[in-house]
Amino acid sequence: MTAPSPAGTPPQITPVPYHRLPRLDARTARWWRPVTMLLLSAALYAGFVIAGGLALVVLDLIVPGLPHPSDALDDPRNPADMVLGLGMIAALVPAVVLGSRWGGGRRGLIHSVVGRMRWSLMLRAGAVVVPVYVAVNGMSFLLAPPADASMPPLGLSLAAVMLTTLVLTPLQCAGEEYAFRGLPQLALGTWLRSPLWGIVVPVPLFVLGHGYHAAGQVLIAVFALCTGFLVWKSGGLELAIVLHTANNLPLALMAPLSPSSLQQGAVDPGSFAISLALTLGTTTGLTWWVSRIHGVRFVEPVRGVGHESALARDVPSADSAATDHTPGGSGLYDGAGTESIR
C-alpha cells in the first residue's frame, strides 16, 4: 500500500478504507495485534466496571440516603438504575480506545481514517438526524401512548434521571459503536480484505445483548448492519454514533413517562414498520450525504491513512470536498418511535 516516490522524498501511502487501516503499518499489521486489542479491551472494561462498582459502594457509605438500583436495572424513574445501566456500557469507550491504542500499536485508528474524531462531521449530521428522531418518537408517543403512561413526580430524583440520561446516553451509544463496530472491523480487517466480515460477524453478538422478541431482534440486526455499513462507508465511527444516539436519546428522555419503557419484549407491527423505515431511510440519507461531500460513489468508502496530513488540516467546504476527484476519495477531509433502545 506504499506507492513509489522520487528519490529523496518519503514514500506515499495509498489511502485505504477504515477496516484496513492497520495494514498501512508493519507494526499494526502483525497477525497477533487483533488478539491483543480484543483481550486488552476486555480486561480494561472489566477493570473499569469493577472500579466503578467499588466507587459507588464507597459513595453509598459516605452519602447515606442515595437511591439503590432495582434488580433488573429497568426503572426509568430511578437515578441509580440509569447511572448503572448506562454507565456500565459507557465504560466501553475508554476501554476500547485504550485497548486499541495499546494492543493495536497506534493511537487514533479506532476513531476514523484521519486518526481522530471528526467532530464537524458528527455535529453536522446530528443537527439533522437527531431532530428527525425526536419528532418521530415524540409523535409516536402522543398518537399511541403506552398503557402505563403517567407523569412522574417532579423533584430532585427526576432531575437526576434527566441529567444522567443527557450525559450518559450518548456515551452508552458511543461505547456500543466502539465495541461492536469499530473494534471488530479493525481486528478482522487486519486479517481479511472484505469489509463484510467486520460488519456481519458482530451482529449476532449485538442481537444477543438485547432482550426483544423476534420482531424486535430483527430491528436490532438491521440497525447493527446499517451502523456497521456507515462505519465502513464514512471511514469512521461518527455517523454510527450519531444514528445510535438519535435513536436512543429521545426514548431515554421519554422513558420516565412510562415505567415499563425499559423492559425489552414484544414490538407491535406499527412500531416495527416505523423503526425499520427510519433506520433504512436515515442510513440511505447519510450515505448519500457522505458520498457527496467526499466525491465518492454511493457504495464506495471514504479512505484515509490513519492520520491527518499537513495538507488536509484546513477543512474544505462541502462543495469543494464534493469536487475532490482524488482516486477513491482521500478521506482525509473533515467532511465533517422507534420503540426499541439499542
Side-chain angles (χ1 to χ4, degrees), residues 19 72-74 76 85-86 89 92 125 129-130 132-141 143-148 169 172-185 188 194-234 237 239-252 254-255 258 260-288 298-299 337-342:
H19 73 293
L73 297 179
D74 60 358
L86 296 174
I89 303 176
L92 285 168
V129 176
V130 173
V132 169
Y133 272 81
V134 169
V136 172
N137 283 290
M139 188 64 65
S140 298
F141 186 90
L143 294 178
D148 63 346
T169 299
Q172 170 250 322
C173 296
E176 293 188 353
E177 295 309 313
Y178 275 100
F180 289 98
R181 256 65 78 178
L183 192 58
Q185 289 200 29
L188 294 173
S194 173
L196 289 177
W197 294 102
I199 295 173
V200 174
V201 168
V203 172
L205 297 176
F206 189 68
V207 170
L208 289 174
H210 297 78
Y212 295 103
H213 295 171
Q217 296 294 43
V218 170
L219 293 177
I220 297 297
V222 171
F223 185 84
L225 290 170
C226 286
T227 49
F229 170 80
L230 284 175
V231 170
W232 171 79
K233 168 64 184 179
S234 66
L237 295 170
L239 297 187
I241 293 173
V242 166
L243 182 58
H244 207 147
T245 302
N247 179 83
N248 283 20
L249 186 58
L251 295 173
M254 292 189 300
S258 171
S260 65
S261 58
L262 297 185
Q263 298 173 6
Q264 299 179 349
V267 176
D268 64 81
S271 298
F272 178 91
I274 293 173
S275 180
L276 185 63
L278 196 55
T279 298
L280 294 176
T282 305
T283 301
T284 301
L286 289 173
T287 301
W288 172 84
F298 191 79
V299 292
T338 18
E339 281 63 1
S340 56
I341 295 181
R342 300 168 172 125

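Note: hydrogens, waters and symmetry copies are ignored here, and every other heavy atom, side chains too, is used.
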Notebook entry, point to check: Got Leu276 and Val218 here, is their nearest side-chain heavy-atom distance under 4.5 Å?
Noted result: no

Next item on the list: Decide yes or no for Val201 and Pro184: does some side-chain heavy atom of the first lie under 4.5 Å from some side-chain heavy atom of the second?
Entry: no

Roughly how far, to the nearest 0.5 Å, is [atom2] of [Y] from [atom1] of [X]?
X: Leu225; Y: Ile199; atom1: CG; atom2: CD1; answer: 8.0 Å
X: Thr283; Y: Lys233; atom1: OG1; atom2: NZ; answer: 12.5 Å
X: Ile274; Y: Thr279; atom1: CD1; atom2: OG1; answer: 11.5 Å
X: Leu196; Y: Gln185; atom1: CG; atom2: CD; answer: 10.0 Å
X: Leu237; Y: Cys173; atom1: CG; atom2: SG; answer: 13.0 Å
X: Leu239; Y: Thr227; atom1: CG; atom2: OG1; answer: 11.0 Å

Item checked: Phe223 and Phe206 aromatic ring geometry - parallel, tilted or perpendicular at 30°/60° bounds -> parallel

Notebook entry, point to check: Which word best sums up how the rings of His210 and Tyr212 line up, parallel for under 30°, tilted for 30 to 60°, or perpendicular for over 60°?
Noted result: parallel

Identify the two heavy atoms, one from [X] and one from [Y], that lie closest to each other, and give their separation to 0.1 Å.
X: Thr169; Y: Ala252; answer: OG1-CB, 3.9 Å
X: Tyr133; Y: Leu243; answer: OH-CD1, 3.2 Å
X: Val203; Y: Ala224; answer: CG2-CB, 4.0 Å
X: Leu183; Y: Ala179; answer: CB-O, 3.9 Å
X: His19; Y: Ser194; answer: NE2-C, 3.9 Å
X: Gly228; Y: Arg181; answer: CA-CG, 3.5 Å

Any side-chain to backbone donor/acceptor pair from [X] onto [Y]? Under 3.5 Å, distance only.
X: Glu176; Y: Ile89; answer: no
X: Ser275; Y: Ser271; answer: no
X: Gln172; Y: Leu86; answer: no

Next item on the list: Verify side chain to side chain contact (heavy atoms under 4.5 Å, CB included) between Val129 and Thr245, making sure each step is shown before the conclusion.
Entry: CA-CA 9 Å; Val129 176; Thr245 302; over 6 Å; no

